[in-house]
Amino acid sequence: MRWSQMYIPTLREDQSDAELVSHQLLLRGGYIRKLASGIYIYLPLMQRVIHKFSNIVREEMNYAGALEIGMSVLCPAELWQESGRYNTVGNEQMRMKDRHQHEMVLCGTHEETVTTLIRGEIKSYRQLPLNLYQIQVKFRDEIRPRFGLMRGREFLMKDAYSFDATEKSFMESYQKMVDAYFRIFKRAGLDVVKVESDSGAMGGKAAHEFMLLVDTNGGEEIIFFCDKCDYTANVEKAEFKIEDSSSDEELKVTEKVDTPGAATIEEVTAFLKVEAKQLAKTLLYMADNKPVVAMVRGDRELNLIKLQNATEAIEIEMATPEQVQNFTSSPVGFAGPVGLKDVGIYVDPLVADMKNMIVGANEFEKHILNVNIDRDFKATKVVDLTSAQNEDQCPRCNYGKLNSKKGIEVGNTFMLGTKYSEALDAKYLDAEGKEHPIIMGSYGIGITRTPQSALERYHDDKGIIWPKNIAPFLVHLIPLNVKKDSHIETADRIYKELNEVGIDVLYDDRNDRAGVKFNDADLIGLPVRITIGDKSLKEGKVELKARSESDFILVDIDNIVIAVKQLLGRVN
RNA sequence: CGGGGCGUAGCGCAGUUUGGUAGCGCACUUGGUUCGGGACUAAGGAGUCGCUGGUUCAAAUCCAGUCGCCCCGACCA
């Protein structure tokens with residue numbers, strides 16, 4: 001493709017509304033333009049990247065035995081009511097009425113649609129297993145869209161759904177997808193790690209996320225790794241071994257003390273001259289509009305997802321200061337479990353082990369010393385509520401230490417079990433003629449997010465460095481002066497030869513100065529650059545350079561195809 | 001949703017404090033020179049200053065409302 005016939009609106013200056021490098025590069029490189037918050041237009045270069053990545057995904061999904069279908073972005077609201085998710089997805093789902101006042105939703109995922117298809121089609125175990133997928137646009141009205149394609153309201157996703165008769169068969173189907181995912185990301189030039197994750201709103205029993213590790217601000221997720229075994233989990237899910245903190249300390253008599261001006265953990269520990277570990281934080285949340293109390297140790301942080309799972313709440317949020325005032329009869333900062341009535345008290349195991357703890361007194365500027373569980377208050381449930389921290393002990397091998405890194409979620413796999421097949425009545429008959437709900441899995445890959453994620457990892461101060469298999473073109477061909485016949489003749493010849501062997505070339509035939517072309521080439525980031533100029537042309541050679549490397553080599557014009565192939569074979 | 005910030009030419013910004021009828025750089029058009037890391041020169045086009053209303057002889061500027069966009073937070077107890 002000739003540059004003059006493409007549309008590549010590169011920009012010289014940084015754009016004011018882009019925070020992440022990857023977002024900035026996509027804007028400046030002429031890959032995307034914003035239409036509205038979280039909604040983007042993919043320009044020709046981006047569309048080529050999307051095609052390249054989609055094709056990798058498609059090939060590997062097909063290889064893994066999945067079948068491509070196409071489903072509508074629209075779905076009648078009834079199906080979401082039937083699955084029960086209509087009320088739980090909340091404002092994230094975009095909804096509308098058609099001209100007949102029929103309620104429709106824009107799908108952010110397609111479990112309802114695909115399960116509805118299956119329940120009408122699959123009747124026998126002989127028709128299973130089955131795996132259907134599509135690559136399609138999704139709509140999610142995110143709380144806060146941000147970072148360009150990283151968290152858009154409209155985005156492309158590959159979503160696959162597996163249907164199995166038995167647990168054993170399901171595990172095989174799941175593993176096939178996991179294997180396919182590793183192949184997909186590897187081909188795209190990306191090392192990903194598979195981590196345990198919370199299944200969240202999707203429901204089901206277990207889930208994994210595929211993370212690209214980055215050290216930039218683009219890494220929105222925190223992942224914990226054990227330094228001894230292969231345990232990896234994201235922060236929402238990560239468990240840790242509870243240190244043995246039970247003591248033989250004698251239970252002392254409770255004592256209410258004044259703590260003037262001391263509401264936060266820091267203030268209270270400073271005032272009472274104690275360690276944060278001796279305090280228990282009593283946090284008030286509204287779980288589906290009912291108050292619940294969570295207790296975690298003073299030196300630890302509450303994990304909201306764990307609390308949500310423990311309370312089985314659909315929506316959970318921190319109580320407002322007014323609600324705290326109403327419920328504990330004191331301002332924020334002095335809540336405690338003693339004397340609270342008609343409320344679920346969820347206690348972290350680390351708190352349950354504490355002796356003579358310090359808690360709020362539910363009175364302004366007062367705390368209580370020497371409080372003990374069972375004696376002074378009762379726990380509704382003792383359950384893990386705190387987030388893992390660096391240096392915590394691994395929950396699996398019990399002797400490694402956990403450490404965290406930042407990552408971007410580029411794919412996920414969910415073991416859905418029979419949640420959707422039961423709700424939507426998708427059943428099959430087994431060999432004995434008995435009816436069972438179909439066991440399902442669902443598997444997503446962010447088609448638009450993944451390439452941008454790759455840029456968080458692969459760039460330098462000049463621009464993008466695409467992994468070759470998802471680059472919009474493989475070769476950037478630059479005749480330095482298009483007014484010189486020798487340059488153009490050589491460029492035309494190389495362009496033709498490379499195209500003939502199926503190597504995508506972007507031919508910069510613009511009448512611009514060398515600096516402009518070099519800078520644009522560095523910015524848009526194609527893996528290989530061929531420069532045609534007087535210096536080397538005198539010897540019948542051209543310059544060949546990898547975007548990821550700083551030096552070029554001189555190549556005989558006659559050998560250019562083989563040299564390009566060799567260079568491409570070497571780079572990521 | 002809470003907090004902060006920003007809307008002036010395609011992009012990046014100044015001008016707003018102190019009201020006087022819009023400017024700079026890049027990009028764009030045309031001519032000439034230049035041509036291996038974002039050239040020089042001459043001429044030129046392009047903005048109802050987000051929108052609505054108000055104050056005023058006069059509003060980008062002051063006031064009120066509204067819409068949009070960005071960032072932080074939603075784990076303070």
Side-chain angles (χ1 to χ4, degrees), chain A residues 9-20 23-24 27-28 30 33-39 90-91 142-148 217 222 235-236 259 262-269 276 279-286 293-296 298 300-308 315-321 323-325 327-328 330-337 348 358-362 364-365 367 385-387 389 462-463 478-484 487 510-523 529 531-538 542-543 545 550 552:
Chain A
T10 57
L11 302 168
R12 293 196 178 189
E13 290 169 287
D14 275 354
Q15 299 302 289
S16 60
D17 55 2
E19 192 75 1
L20 289 191
H23 185 194
Q24 193 66 253
L27 287 167
R28 289 223 294 124
R33 288 293 182 262
K34 185 177 70 183
L35 182 66
S37 180
I39 301 177
N91 294 330
E142 293 285 345
I143 298 180
R144 181 145 91 92
R146 59 179 147 179
F147 302 151
N217 292 334
I222 307 281
V235 65
E236 294 176 348
T259 51
T264 66
I265 293 289
E266 293 73 37
E267 290 161 358
V268 175
T269 52
L279 270 70
K281 290 194 269 199
T282 306
L283 310 170
L284 187 65
Y285 278 82
M286 302 303 289
V293 162
M295 293 188 69
V296 301
R300 285 281 178 168
E301 304 238 307
L302 177 77
N303 182 323
L304 192 56
I305 301 286
K306 288 182 178 178
L307 178 63
Q308 182 169 20
E315 272 186 37
I316 193 155
E317 56 185 356
M318 211 189 332
T320 62
Q323 287 168 325
V324 172
Q325 175 76 47
F327 196 75
T328 67
S330 70
V332 168
F334 307 99
D348 187 79
I358 302 165
V359 299
N362 297 324
F364 181 55
E365 300 196 331
H367 280 75
L385 296 176
T386 55
S387 293
Q389 297 176 356
K462 299 286 240 174
I478 301 182
L480 285 176
N481 190 336
V482 296
K483 293 205 173 141
K484 289 189 176 169
H487 293 202
R510 292 177 298 173
N511 180 20
D512 263 303
R513 296 169 67 87
V516 173
K517 295 189 178 188
F518 286 143
N519 280 302
D520 272 345
D522 289 339
L523 178 59
R529 188 177 87 191
T531 308
I532 299 163
D534 288 334
K535 285 184 204 164
S536 57
L537 216 47
K538 282 186 291 196
V542 293
E543 293 165 22
K545 179 185 171 300
S550 52
F552 63 81

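Per chain, numbering begins at 1; letters A, B, ... match sequence-line order. FYI, side chains are in, hydrogens and waters are out, and symmetry mates aren't considered; it's all heavy atoms of this structure.
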Chemist: Taking only the C1' atom of each, what is the distance from B:rC72 to B:rG15 in whole angstrom?
Modeler: 29 Å
Chemist: Does A:Ser16 have a side-chain nitrogen or oxygen under 4.0 Å from the phosphate oxygens OP1 or OP2 of B:rC6?
Modeler: no
Chemist: Whether the side chain of A:His487 engages the backbone of A:Asn481 through a donor-acceptor N/O pair (distance < 3.5 Å, no angle test) should be reported.
Modeler: yes
Chemist: Think A:Thr328 has a side-chain N or O under 4.0 angstrom from the OP1 or OP2 of B:rA77?
Modeler: no
Chemist: Whether A:Asp348 and A:Arg300 form a salt bridge (side-chain N of Lys/Arg under 4.0 Å from carboxylate O of Asp/Glu) is what I want to check.
Modeler: no
Chemist: Expressed in whole Å, how much space separates the P atoms belonging to B:rC49 and B:rA60?
Modeler: 6 Å
Chemist: Under 3.5 Å between N/O atoms: give me all the protein pairs with nucleotides 35-37 of chain B, atom names plus distance.
Modeler:
unit_1 : atom_1 : unit_2   : atom_2 : d
B:rC35 : O2'    : A:Asn481 : ND2    : 3.3
B:rC35 : N4     : A:Lys483 : NZ     : 3.4
B:rG36 : O6     : A:Gly533 : O      : 3.4
B:rG36 : O6     : A:Asp534 : N      : 3.4
B:rG36 : O6     : A:Lys535 : N      : 3.2
B:rG36 : N1     : A:Glu543 : OE2    : 2.5
B:rG36 : N2     : A:Glu543 : OE1    : 2.6
B:rG36 : N2     : A:Glu543 : OE2    : 2.8
B:rG37 : O4'    : A:Gly515 : N      : 3.4
B:rG37 : O6     : A:Arg529 : NH1    : 3.3
B:rG37 : O6     : A:Arg529 : NH2    : 3.1
B:rG37 : N1     : A:Asp522 : OD2    : 3.1
B:rG37 : N2     : A:Lys462 : NZ     : 3.3
B:rG37 : N2     : A:Asn519 : OD1    : 3.3
B:rG37 : N2     : A:Asp522 : OD2    : 2.4

Chemist: Checking all strands, does A:Arg300 fall into the base, sugar-phosphate, or nothing category for heavy-atom contacts under 4.0 angstrom?
Modeler: nothing
Chemist: On RNA chain B, nearest-nucleotide positions of A:Asp14 versus A:Ile143: which is more 5'?
Modeler: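 Its nearest nucleotide lies further toward 5', so the answer is A:Asp14.
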Chemist: Distance check: side-chain N/O of A:Arg146 vs OP1/OP2 of B:rC71, anything under 4.0 Å?
Modeler: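 Checking A:Arg146 against B:rC71: no side-chain N or O falls below 4.0 Å of OP1 or OP2.
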Chemist: Which part of the nucleic acid, if any, lies within reach of A:Val324 when heavy atoms closer than 4.0 Å are counted: base, sugar-phosphate only, or nothing?
Modeler: base
Chemist: What's the closest nucleotide to the side chain of A:Phe147 if the choices are B:rG38, B:rA77, B:rC72?
Modeler: B:rC72
Chemist: When both hydrogen-bonding distances must be under 3.5 Å and the geometry is Watson-Crick or G-U wobble, what is B:rG2 paired with, if anything?
Modeler: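 Here B:rG2 is engaged in a pair, and the nucleotide opposite it is B:rC72.
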Chemist: Search all heavy atoms of A:Phe334 against all heavy atoms of A:His367 and return the closest pair with its distance.
Modeler: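 The pair with the smallest heavy-atom distance is CD2-CE1, 3.6 Å.
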Chemist: So, A:Thr328 side chain and A:Gln325 main chain: donor-acceptor pair closer than 3.5 Å or not?
Modeler: no
Chemist: Which is true for A:Arg144 with a 4.0 Å heavy-atom rule: it touches a base, it touches only sugar-phosphate, or it touches nothing?
Modeler: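 It contacts base atoms.
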Chemist: Using the P atom in both, what is the distance from B:rU55 to B:rC28, to the nearest Å?
Modeler: 46 Å
Chemist: Taking only the P atom of each, what is the distance from B:rC11 to B:rC69 in whole angstrom?
Modeler: 15 Å
Chemist: Between A:Pro331 and A:Lys517, just flag the one whose closest nucleotide in RNA chain B comes earlier from the 5' side.
Modeler: A:Lys517
Chemist: A:Lys306 side chain to A:Thr386 main-chain N or O, any donor-acceptor pair under 3.5 Å?
Modeler: yes
Chemist: Using a heavy-atom cut-off of under 4.0 Å over every strand shown, decide if A:Leu284 touches base, sugar-phosphate, or nothing.
Modeler: base
Chemist: Is any side-chain N or O of A:Gln15 under 3.5 Å from a base N or O of B:rG12, one able to act as donor and the other as acceptor?
Modeler: no
Chemist: Quantified in whole Å, what is the C1' atom distance between nucleotide B:rC57 and nucleotide B:rU21?
Modeler: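 After rounding to an integer number of Å, I get 13 Å for this pair.
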Chemist: Scan every strand shown for a Watson-Crick or G-U wobble partner of B:rU61, both distances under 3.5 Å, and answer none if you come up empty.
Modeler: none
Chemist: Could you identify the nucleotide paired to B:rG7, looking across every strand shown and requiring Watson-Crick or G-U wobble geometry with both distances under 3.5 Å?
Modeler: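 Answer to the pairing question: B:rC67, which forms a Watson-Crick or G-U pair with B:rG7.
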Chemist: Is there a donor-acceptor pair closer than 3.5 Å between any side-chain N or O of A:Gln24 and the backbone N or O of A:Gln15?
Modeler: yes
Chemist: When you compare B:rG25 with B:rA46, how far apart are their C1' atoms, in angstrom units rounded to a whole number?
Modeler: 16 Å
Chemist: Suppose you measure atom P in B:rC71 against the same atom in B:rG19; what distance do you get, rounded to whole Å?
Modeler: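 Looking at atom P only, B:rC71 and B:rG19 are 35 Å apart.
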Chemist: Just name whichever nucleotide pairs with B:rA22, Watson-Crick or G-U, keeping both distances under 3.5 Å, else none.
Modeler: none
Chemist: Could you tell me the separation between the CG atom of A:Leu35 and the P atom of B:rG10, rounded to a whole number of Å?
Modeler: 16 Å
Chemist: Are A:Lys517 and A:Leu480 close enough, and set up right, to give a side chain to side chain contact (heavy atoms under 4.5 Å, CB included), and what steps lead you there?
Modeler: CA-CA 8 Å; A:Lys517 295 189 178 188; A:Leu480 285 176; 5.5 Å; no
Chemist: Considering residues at least two apart in sequence or located in another chain, which fulfil the side chain to side chain donor-acceptor pair (under 3.5 Å) criterion with A:Lys545?
Modeler: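 Applying side chain to side chain donor-acceptor pair (under 3.5 Å) to A:Lys545 gives none.
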Chemist: Could you give the CE-to-C1' distance, from A:Met295 to B:rA77, as a whole number of Å?
Modeler: 12 Å
Chemist: Between A:Asp520 and A:Val516, is the side chain to side chain contact (heavy atoms under 4.5 Å, CB included) condition met? List the steps.
Modeler: CA-CA 6 Å; A:Asp520 272 345; A:Val516 173; 4.1 Å; yes
Chemist: From CD of A:Glu19 over to P of B:rC69, roughly how many Å is that when rounded to an integer?
Modeler: 17 Å
Chemist: Ignoring hydrogens and angles, answer whether the base of B:rC75 and the side-chain atoms of A:Ser387 contain a donor-acceptor pair closer than 3.5 Å.
Modeler: yes
Chemist: In the structure shown, which nucleotide is the Watson-Crick or G-U wobble counterpart of B:rG44, with both distances under 3.5 Å?
Modeler: B:rC28
